[in-house]
Each structure stands twice: as structure tokens, then as C-alpha cells.
*Asks:* 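Dumping the structure here so I can ask a few things about it.
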Amino acid sequence: MQAVDERLSDALHGTGHRVTSQRLVIHRELRERGRHATVEQVHAAVAERLPGVSLPTVYATLELLEELGLARRVHPGRGPVLFDPRTDAHAHAVCRVCGRVEDVEAPAALDAPVAAARRAGFAETRGEVVVTGLCADCAPRARA
Ligand SMILES: [Zn+2]
Ligand SMILES: [Zn+2]
């Protein structure tokens, strides 16, 4: 079994979830893609290997991967939610024109706002940094 599959199998077993080929294929797709993807993109990519798989099933599986710490959800502010195979701390830059999302390598001090949100009564808090702007392709066009 590939290491990728093993990682998911271990995580599923450890949390009392069943290992299904659907979960393995969707997880593998996100890993192989190696970058942020919408639920629709993942759905389209796995449709051939998983005939009849529904969009809600793909969504639920990606949410499960997030729960298991194997994916991260990114809220780009506009456009659909993305799932990120990178789970280490990093920020995102989102283009306001074309919606492109790029990883930004920068330390983000989120402990204080997350703690403040908890004090304000929020549960299951998590923070993310999203910087919006114009990407390298769109910026010159906006100036033209
Ligand atoms: Zn752009
Ligand atoms: Zn990312």
C-alpha cells in the first residue's frame, strides 16, 4: 500500500472510521494535486475512478480529512471554499480579480485573536490569514 493510503488508513482506524475506497481515492487526489482545490474540482477528478459518487459525498469526505488533520479548509473570502493538502501553518493570498489562491510563507500570529474569540464564547475556533490583492497577472492589466 502506498504511504499516502497508509497515512489515511491509520488516521481512520485511530478515530473509529471505516477505510473505504472512496475515502482513499479522494484523499489521494488531493495529495497528488498538491494544491488547493474546490469540492467541484475534486469531484470532477475522481468521477472516473468513483462512478456515481455525489458532490455531497466528496464534500463530506473532504470535511472528514480536515477533521483528521490531513487537509485544511481555506475560505478565500469570495468564491467557493477550498481544501488544501498542506496542513502546516501558512497564509493565503487571494486575487480579487481572478480568484487565484497562492500559499504565502509567513508566520502568522493567530493565537491572540483565536483566544479572544474563545473568550467571546466561540467554540471550535481556528484562525487563518487571507491576504487579498491583485495577482502578478492581474496587476499589470489593472494598471493598463
Ligand atoms: Zn488574478
Ligand atoms: Zn495553502
Side-chain angles (χ1 to χ4, degrees), residues 1-15 17-50 53-120 122-144:
M1 202 193 285
Q2 290 179 29
V4 173
D5 292 347
E6 224 166 280
R7 204 168 152 214
L8 175 60
S9 300
D10 289 350
L12 288 168
H13 281 139
T15 49
H17 291 93
R18 276 192 314 129
V19 178
T20 65
S21 61
Q22 240 171 30
R23 287 170 177 168
L24 290 171
V25 169
I26 290 169
H27 176 246
R28 213 182 295 153
E29 169 57 31
L30 193 66
R31 290 268 149 249
E32 280 167 7
R33 184 173 282 265
R35 53 177 298 112
H36 323 101
T38 64
V39 180
E40 283 78 8
Q41 284 169 338
V42 175
H43 180 250
V46 300
E48 214 171 282
R49 276 169 289 171
L50 300 170
V53 71
S54 72
L55 203 58
T57 299
V58 173
Y59 189 76
T61 305
L62 290 168
E63 280 193 310
L64 178 62
L65 294 181
E66 187 196 19
E67 204 184 300
L68 298 172
L70 296 172
R72 250 179 70 180
R73 197 188 305 230
V74 183
H75 301 94
R78 67 191 309 185
V81 163
L82 301 167
F83 283 88
D84 191 345
R86 264 188 75 178
T87 53
D88 60 313
H90 64 281
H92 292 101
V94 182
C95 177
R96 283 197 293 268
V97 175
C98 69
R100 185 202 290 194
V101 178
E102 297 289 345
D103 287 339
V104 178
E105 310 305 330
L110 285 166
D111 292 356
V114 167
R118 272 206 206 107
R119 284 196 298 276
F122 283 79
E124 294 185 41
T125 45
R126 87 194 116 206
E128 65 176 86
V129 174
V130 175
V131 178
T132 62
L134 304 180
C135 75
D137 289 339
C138 294
R141 263 178 247 147
R143 279 197 297 269

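Numbering of ligands and ligand atoms starts at 1, following listing order. Atoms considered below: every heavy atom in the structure, side chains included; atoms not considered: hydrogens, waters and symmetry mates.
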*Asks:* Going by the side chain to side chain donor-acceptor pair (under 3.5 Å) test, name the single residue among H36, R72, R73, R35 that passes it with D84.
*Replies:*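 So, applying the side chain to side chain donor-acceptor pair (under 3.5 Å) to D84 and each of H36, R72, R73, R35, only H36 qualifies.
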*Asks:* When you draw lines from the Zn ion (ligand 2) to NE2 of H36 and to NE2 of H92, what angle lies between them, to the nearest 10°?
*Replies:*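 Between NE2 of H36 and NE2 of H92, the angle at the Zn ion (ligand 2) is about 90°.
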*Asks:* Under 3.5 Å, is there a donor on one side chain and an acceptor on the other for T125 and R118?
*Replies:*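 The answer is yes; a qualifying pair exists.
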*Asks:* Given atoms SG of C135 and SG of C138, what angle do they subtend at the Zn ion (ligand 1), to the nearest 10 degrees?
*Replies:*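 The angle at the Zn ion (ligand 1) comes to 100°, rounded to the nearest 10°.
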*Asks:* Of the backbone and side-chain N, O or S atoms of D84, does one lie nearer to the Zn ion (ligand 2) than 2.8 Å?
*Replies:*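 Yes - counting backbone and side chain alike, D84 has an N, O or S atom under 2.8 Å.
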*Asks:* How far apart are the closest heavy atoms of R18 and L12, and which atoms are they?
*Replies:*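 Looking at all heavy atoms of both residues, the shortest contact is O-CD1, 3.6 Å.
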*Asks:* Roughly, to 10 degrees, what angle do C95 atom SG and C98 atom SG form around the Zn ion (ligand 1)?
*Replies:*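 Vertex at the Zn ion (ligand 1): approximately 110°.
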*Asks:* So does E102 pair up with R100, basic N to acidic O under 4.0 Å?
*Replies:*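 Salt bridge between E102 and R100, a charged N being under 4.0 Å from a carboxylate O: yes.
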*Asks:* State the atom name: nearest N, O or S atom of D103 to the Zn ion (ligand 2).
*Replies:*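 Relative to the Zn ion (ligand 2), the closest nitrogen, oxygen or sulfur of D103 carries the name OD1.
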*Asks:* Run through V129, D103, L82 and flag the one making a side chain to side chain contact (heavy atoms under 4.5 Å, CB included) with H92.
*Replies:*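 The single option meeting the side chain to side chain contact (heavy atoms under 4.5 Å, CB included) with H92 is D103.
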